[in-house]
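Step one of this worksheet: look at the structure below.
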Amino acid sequence: MLDKTYDPHRIEAQWYQRWEDAGWFAPRLDGDAGAYCIMIPPPNVTGSLHMGHGFNNSLMDALIRYHRMCGDQTLWQPGTDHAGIATQMVVERRLEAEGKTRHDLGRDAFIDRVWQWKAESGGTITRQLRRLGSSLDWQHERFTMDEGLSNAVREVFVRLFEEGLIYRGKRLVNWDPVLHTAVSDLEVMSEEEAGHMWDMRYPLTNGTGHLTVSTTRPETMLGDCAVAVNPEDERYRHLIGELVELPLTGRRIPIIADEHADPEFGTGCVKITPAHDFNDHAVWTGHRDELQIADQPHGGLINIFTPDAAIRANEPDEDDLIPAAYIGLDRYEARKRIVADLEARGLLAGVKDHRLMVPRGDRSGAVIEPYLTDQWYVKIGPLAAPAIEAVESGRIRFVPDNWKNTYYEWMRNIQDWCISRQIWWGHRIPAWYDAEGNVYVGRSEQEVRDQHNLPADFALTQDPDVLDTWFSSALWPFSTLGWPEDTERLKTFYPTSVLITGFDIIFFWVARMIMMGLKFMGDVPFRDVYIHGLVRDAQGEKMSKSKGNVLDPIDLIDGIELEPLVEKRTRGMMQPRLAEKIAKQTRKEFPEGIPAFGTDALRFTFAALATTGRDIKFDLGRIEGYRNFCNKLWNASRYVLMNTVGAASSRDEHAGRGKDAAPTDIALSAADRWITAKLNDTITQVREAIDGYRFDLAAQAIYEFTWSQFCDWYLELAKPVLTGAHASDAAKRGTRRTLVQTLETLLRLAHPFMPFITEEIWQKVKPLAGEPAGYGGETIMLAPYPVADADVDDPAAVAEMEWVQQFILGVRRIKGEMNIPPGKSLPVLVANASAQDRAWIEHARPYLDFLARTESIRVLDDASDAPESAIALVGDMKLLIPMAGLIDKAAELKRLEKEIAKLRGDIERIEGKLANPNFVDKAPAAVVARERERLSDQGAALAQLVAQQTKIANL
RNA sequence: GGGUGCUUAGCUCAGUCGGCUAGAGCAUCGCCCUUACAAGGCGAGGGUCGCAGGUUCGAGCCCUGCAGCACCCA
């Protein structure tokens, strides 16, 4: 028997271990069933679970469990990502606490430290995924830096290089001066910030005055190679080809004509600093062959910064290219000094406040500097074209569909991918250099030596850089399955079925997987891409540590007291004032802390909120409601078990399933047949919803059936049968069997969304319910998913039960509105009853007595005999509850008036419609017929109520 | 500047092919501790579907314009 109260903690603790130990998460590789596979988006190996993971994994597990129960060969591939920059930063911060930098340790020792950190913290997120109930195939867990995946990375790098799709080039990159590495365009976040616009005077060398240029970055003037004006700009046209003197440096630079100069912007003159600005670099590219530029130092492409973004020293052959006064100054210090010096010389024309877009590294937050470096690139055009085609042709389908536009937009404007990073934690680039700087690419140093006949004493040094983390992630759908080996798993599970992810990594990850999958597997990596929204807080704000509004899914599962919650939210806060604010806000929002809701409630909430194409606001009220739902299911199950375990019910009584199997001594009532038909409808709805990725509709259908049909009606209808003296043993058996089988099926239906509670209950129900579709196994997670059965449709039973419900609701409504306690028994008179009504009254009498608390039901042959009564209509039949001593005449008149007004409004609308010849002629016949029928029904009801109103009013 | 999405009850959201009186949960208000469940039961109130036009017999849904909000890209 089930415990009296639902305690998610106790249930969840045991089942996961059992499932995993039994090996039930592994795909069954035998047989000819279809394959179904999802790759987990690998979380950061040293990270911990946030709400986004919780959401994402709840949906994936629902699909995986559904398909596993459907009998597919089902694989959910687990694994983690080494998350290069992020992980390296964490370890560096820990070193910093010891007063060291990574350079103090050296590369090898530092990497050892990172592996140590992984060993320490690497289990956290996989443990947390287990807490969510995720049925991942842990026996095959992978890590992006394990041996197999590293092999795959080298293999891909070498093959792309050999095809000319990977190259090394010196270009402007996004340089992070704090992390000392290049980052890709995607890792740069530009936001508008407050700054200044400086107007600086550059004297004309012909002595006729000066040009004024506007800039937001005055310090970069040291690297200017020209001033550009728009060729159409009348003000400056005559100066094109003249020279100006670059202040503070003594260099002379030309005035050039270029469209890039916007006459409307500032003075219309723009300084060109090709080594420190992407636009300027493009301008320079167009003018680099002009003598006045080509003759400048470095052909005009003058870098002025060190990797720290400080002003660099001069090279031996540069003379005083960089003025000594600024060398060694940080870029912002240099800015101040240069502005001051210009002002001192009368060359500063003005300063105004100006809002500008500032690019920052998404990890470090440092202002990104366009910087000239040697980097490795993937030539992306040849990879992008087939990846675009794969979506256009429908081989890959986005859900919701409109995301494909975002994908196209990016893919059609894609730039070559900078894949080298100047950090230590990651896949080392498989390239070696000799003393002359020649580069050799190969799978290993040995392979390079063999291929190029380089003797062992020929010095080679490996490229110090590592690859962008997303390079290895891009291979995830096939590298995890064993590629480049041709494994069984690869053959079975590639292409995978669906990718489930947030829109934020369409570019980082989804697009790159598609390109790499097509390139190396010759096929798409997945058929569907389901894009879900972001999990936000109850106010719709993005969750972030600095806002202090982060919810930890584990805290929702286990609950957390207020003090630990406050501590957690403010831990490691740099700004005490912010910490104080967050603490205050947390105490206000969660004065009692957060109660434990359990995993099933959390998962069901995620499913219910997963409407397509929208972010979700995570409101604690919702999870509370679904925790209550778990409780409801639990208690309903207790009721079913209490009434079936042990009773006269042997296993045989329940063993039969469906109509054919019904033994002769079992009688199924209309209620039994009705709930079976309703369940059948629900099965269809849930399956359709899951197949269409409508997790919200699936959850809603399960919720509605369980609560509003099974609990509110069927369990109540079962009571008079099970406890009443009038019911036959065959009827009792029929009801018991229906209770058990409905519950058993419902548990299987709900299992993908609430795995723990359904397993726990199923274990108790299974011995009573018999084997669903011949399944005799030990766990619900491998039991067959319910299949709808057209044979159990039963319109007669449905009609009867709807009548019963109308009758009961009619009586309840009168009681409710008249403030009569619901438990009070009342005599009911019935008038205008048809033969069918009379039969049903007879037949359904026990239900009516129990649920409507009818003391007696008397059928009147003539309604005029009735005493003063409150009225309710069931079709044409009138329910009359004598008012004497119970009901106030004025109250009943008011109630009638309200209903009459509603009917009149309705009738008026319908008459209007039917009076319109266009409607009658053009609308489909069925629609017109339905309106006519409604009019006649409403008209009859109105007549009855009006008659009643008159009668009562006249008393 | 370009793009995408959103706007429905106090709140959070459904609403499929254009067709019954626009639904659910939470919140609110009454009555009930009825032997599965007070984490509950029974009942009730609550809507100009962002605004303005258009198409249609019929529009929350389709079209046009406008407004507001959010996000992405430059």
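What you are looking at is a predicted structure, and each value in this text was computed from that prediction instead of being measured. In what follows, chains are A, B, ... by sequence order, proteins preceding strands, each numbered from 1.
- Centroid-to-centroid, the aromatic rings of A:F597 and A:F604 stay 6.0 Å apart or farther.
- The separation of B:C49 from B:A22, taken at their P atoms, amounts to 11 Å, rounded to a whole angstrom.
- At the heavy-atom level, A:T611 lies under 4.0 Å from the strands shown only through sugar-phosphate atoms.
- Counting non-hydrogen atoms under 4.0 angstrom, A:E716 reaches a base of the nucleic acid.
- Here the separation of B:A44 from B:U4, taken at their C1' atoms, is 42 Å to the nearest Å.
- Annotation: B:C31 and B:U48 have their C1' atoms spaced 34 Å apart (nearest Å).
- Ion pair A:D3/A:R10 flagged as a salt bridge, since at least one NZ, NE, NH1 or NH2 atom sits closer than 4.0 Å to an Asp/Glu carboxylate oxygen.
- Applying the salt bridge (charged side-chain N to carboxylate O under 4.0 Å, His left out) test to every pair with at least one member in residues 701-723 of chain A, sequence neighbours left out, gives these pairs: A:E716-A:K719.
- Backbone-only engagement by A:L809 is indicated by non-hydrogen atom pairs under 4.0 Å involving sugar-phosphate atoms exclusively.
- B:C51 and B:A9 have their P atoms separated by 11 Å, given to the nearest Å.
- Stacking of A:R622 on the aromatic ring of A:F618 is not recorded, the 6.0 Å distance cut-off and the 45° axial limit not both being met.
- Relative to the six-membered ring of A:W803, A:R845 misses at least one condition, a distance below 6.0 Å or an angle of at most 45° to the axis.
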RNA chain B in dot-bracket, Watson-Crick or G-U pairs under 3.5 Å, [ ] crossing, | other strand? (((((((..((((.....[...)))).(((((.......))))).....(((((..]....)))))))))))).

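- Anti is the classification of B:C42, since its glycosidic angle lies more than 90° from 0.
- Nucleic acid contact for A:P917: none, since no nucleic acid atom lies under 4.0 Å from a heavy atom of the residue.
- A:L697 comes within 4.0 angstrom of the backbone, heavy atoms only, and of no base.
- The residue A:N405 sits apart from the nucleic acid: no heavy atom pair falls under 4.0 Å.
- Among the atoms of the strands shown, base atoms are found under 4.0 Å from some heavy atom of A:C711.
- Mapping A:K719 and A:Q938 onto RNA chain B by nearest heavy atom places A:Q938 at the nucleotide closer to the 5' end.
- At least one test fails for A:R603 against the ring of A:F606: distance under 6.0 Å to the centre or angle within 45° of the axis.
- Between A:K617 and A:D619 there is no salt bridge, since no side-chain N of the basic residue sits under 4.0 Å from a carboxylate O of the acidic one.
- Contacts of A:R638 with the nucleic acid, taken as non-hydrogen atoms under 4.0 Å apart, involve only primed sugar atoms and P, OP1 or OP2.
- Counted by atom type alone, A:S184 and A:E187 present one or more donor-acceptor pairs between their side chains at under 3.5 Å.
- Counted within 6.0 Å of CG on A:N916, heavy atoms from surrounding residues, nucleotides or ligands total more than 12; the atom is thus considered enclosed.
- The P atoms of B:A14 and B:U7 are separated by 7 Å, rounded to the nearest whole Å.
- The same atom, P, is picked in B:G60 and in B:U16; the two are 12 Å apart, to the nearest Å.
- Taking atom C1' on both nucleotides, B:U35 is separated from B:G40 by 14 Å, rounded to a whole Å.
- Put simply, chain A comes within 4.0 Å of RNA chain B, heavy atom to any atom, from B:U4 to B:C57, going 5' to 3'.
- Using a 4.0 Å heavy-atom cutoff across all strands shown, A:R934 reaches at least one base atom of the nucleic acid.
- Annotation for A:E192: atom CD counts as buried by contact number, over 12 foreign heavy atoms lying within 6.0 Å.
- A:D619 comes within contact range of no nucleotide atom at all, as no heavy-atom separation falls under 4.0 Å.
- Spacing of C1' atoms, B:G50 relative to B:C42, comes out at 37 Å, to the nearest Å.
- At the heavy-atom level, A:K898 lies under 4.0 Å from the strands shown only through sugar-phosphate atoms.
- Contact annotation for A:K632: base contact, defined as any heavy-atom pair under 4.0 Å involving a base atom.
- A:W403 has its ring centre no less than 6.0 Å from the ring centre of A:F398.
- If you check every strand for non-hydrogen atoms under 4.0 Å, A:R622 touches a base.
- Between A:K902 and A:R813, the residue whose closest nucleotide on RNA chain B is further toward the 5' end is A:K902.
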